[in-house]
Amino acid sequence: MKIIVTVKRVVDHTVNVRVKSDGSGVDTANVKMSMNPFDEIAVEEAVRLKEAGVATEVIAVSAGVAQAQETLRTALAIGADRGILIESNEALQPLAVAKLLKAILDREQPQLIILGKQAIDDDSNQTGQMLAALGDMPQATFASKVVIADGSAVVTREVDGGAQTLSVKLPAVITTDLRLNEPRYATLPSIMKAKKKPIETIKPEDLGVDVTPRLATLKVVEPARRGAGVRMPDVASLLERLKAEANVL
Ligand code: AMP
């Protein structure tokens, strides 16, 4: 069974993101970039399925600028077998990415596609769902457990106030939630080995996909700053203050 995992290059989750002064977006100049954390979980899950003998090949796919090669190398170091870079300098929106991925699915015919539930840069939470619709495939989003058996995936999903277990027929789309697994650190030997694994580069035009943006970001603002704290002399005064504020609210 072939598995495709998608990996997006995003601003590293430890970076203190700054909004550009003109409010047009987030400043990414000279900022550390890494694999989207939910995608690390996707790669880890696919590699575990290969190690368990369920999958035969894991293909990592990234769409974006040439430097997304580094993100693919990380996926290869975790254990993916080969990479595909869909290279574009356009700002790729979820629908465009879903169409590009659909074109890759048509070519590779995987049984399982594992994406992150959302990219931490745009927080769209759309690509997996759109891909499932374009490919006319079942989807199980926010997976916290995946078991493959008899041509189906049994997926436990994190939902408000509990967990739901679904069975989806393969080929299917799964998106990962935080608790699906704990991704491994790539070891030095695996990083060295990954340098020899193949990465194919193609362009959206080669796949016949128009990636022109469909929506424009009007404004990005930073969250309101928290006001300064007040030190209370004792618990009694703290309770008084809380009661007073509750009455105001
Ligand atoms: P989003 O819908 O943008 O929140 O992204 C959801 C998931 O889709 C991400 O976690 C990735 O697995 C995948 N994805 C989105 N954009 C890209 C991209 N440019 N390249 C590869 N995968 C992507």
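Atoms within a ligand are numbered from 1 in the order they appear, just like the ligands themselves.
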The salt bridge (charged side-chain N to carboxylate O under 4.0 Å, His left out) partners of Asp27 (sequence neighbours excluded) come to none
Which residue in the set Gln129, Glu158, Arg157 passes side chain to side chain donor-acceptor pair (under 3.5 Å) when paired with Thr141? Arg157
Going by an N to O cut-off under 4.0 Å, is there a salt bridge joining Asp39 and Arg9? no
Can Glu90 and Lys203 be counted as an ion pair, charged N to O under 4.0 angstrom? no
Sequence neighbours left out, what passes salt bridge (charged side-chain N to carboxylate O under 4.0 Å, His left out) with Arg48? Give chain and number order. Glu44
Excluding sequence neighbours, so at least two apart, what forms side chain to side chain contact (heavy atoms under 4.5 Å, CB included) with Gln93? Pro213, Arg214, Leu215
Under a strict 4.0 Å criterion on non-hydrogen atoms, which protein residues are in contact with ligand 1? Thr6, Val7, Lys8, Asn36, Asp39, Val61, Ser62, Ala63, Val97, Leu115, Gly116, Gln118, Ala119, Asp122, Ser124, Asn125, Gln126, Thr127
